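What follows is a short report on a single structure.
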Amino acid sequence: MSKTVIHTASAPAAIGPYSQAIQMGDCVFTSGQLGIIPETGELAQGVEAQAVWAMRNLGEILKQAGLSYANVIKTTVFVADLADFAKINAVYQTFFDGAYPARSCVQVAALPKGGLVEIECIAAK
């Protein structure tokens, strides 16, 4: 089985030596997405706005792979402050139809570019 690099100009380019996503068989593994606005390359202001953009960026990557949020089976959410958990949840849930994927959420010491939230996912066809 070979791996395929997934890339779209509709989501922020990788800020290091990694791919936006890799497809292996029927599974797509995304890299973590910050709340970066692709058109400006800047972080959105505030944790809710960053959560929206992180999810939108994941959506664009999934779309490039021929998938949607409905194909997501697992997410990992990294937060700079776990006190923002409820705010992030309020945004996060709007991207799914109620059949929520499995998820982990962890507080980290810091995120790239001073981000407040970063989200990655695994999706399957």
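All values derive from a computational prediction rather than experimental measurement. Computed from heavy atoms alone, side chains included, the values below leave out hydrogens, waters and symmetry copies.
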Determine whether a donor-acceptor pair (N or O, by modelled atom type, separation under 3.5 Å) exists between the side chain of [X] and the backbone of [Y].
X    : Y    : result
Q23  : F29  : no
D84  : L116 : no
T76  : E120 : no
E118 : L34  : no
Q20  : A9   : no
S31  : S19  : yes
N71  : L67  : no

### Message
With no hydrogens and no angle check, just 3.5 Å: does a side-chain donor-acceptor pair link S104 and K74?
### Response
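Distance-only check passes for S104 and K74.
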
### Task
Consider only side-chain N and O atoms of Y100 and T75, and report whether a donor and an acceptor are under 3.5 Å apart.
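Side chains of Y100 and T75: no pair found under 3.5 Å.
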
### Task
Report the C-alpha separation of V5 and I22 in whole Å, then their side-chain angles, then the decisive distance to 0.1 Å, and conclude whether the side chain to side chain contact (heavy atoms under 4.5 Å, CB included) test is met.
CA-CA 5 Å; V5 173; I22 295 291; 3.8 Å; yes

### Query
Quick one: OG1 on T94 to CE on M55, what's the gap to the nearest 0.5 Å?
7.5 Å

### Message
My understanding is that only one of V117, I119, L58 makes a side chain to side chain contact (heavy atoms under 4.5 Å, CB included) with Q33; could you say which?
### Response
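The single option meeting the side chain to side chain contact (heavy atoms under 4.5 Å, CB included) with Q33 is L58.
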
#### Entry: same_hphob_cluster(F85, L111) at 4.5 Å side-chain heavy-atom cutoff
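Each belongs to a different hydrophobic cluster.
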
### Task
Would you kindly check if the NZ (Lys) or CZ (Arg) of R56 is within the cone defined by 45 degrees around the ring axis of F95 and under 6.0 Å from the six-membered ring centre?
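Because its charged atom misses either the 6.0 Å distance or the 45° angle limit, R56 does not stack over F95.
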
### Query
Quick check: are there more than 12 heavy atoms from other residues, nucleotides or ligands sitting under 6.0 Å from CD of Q107?
yes

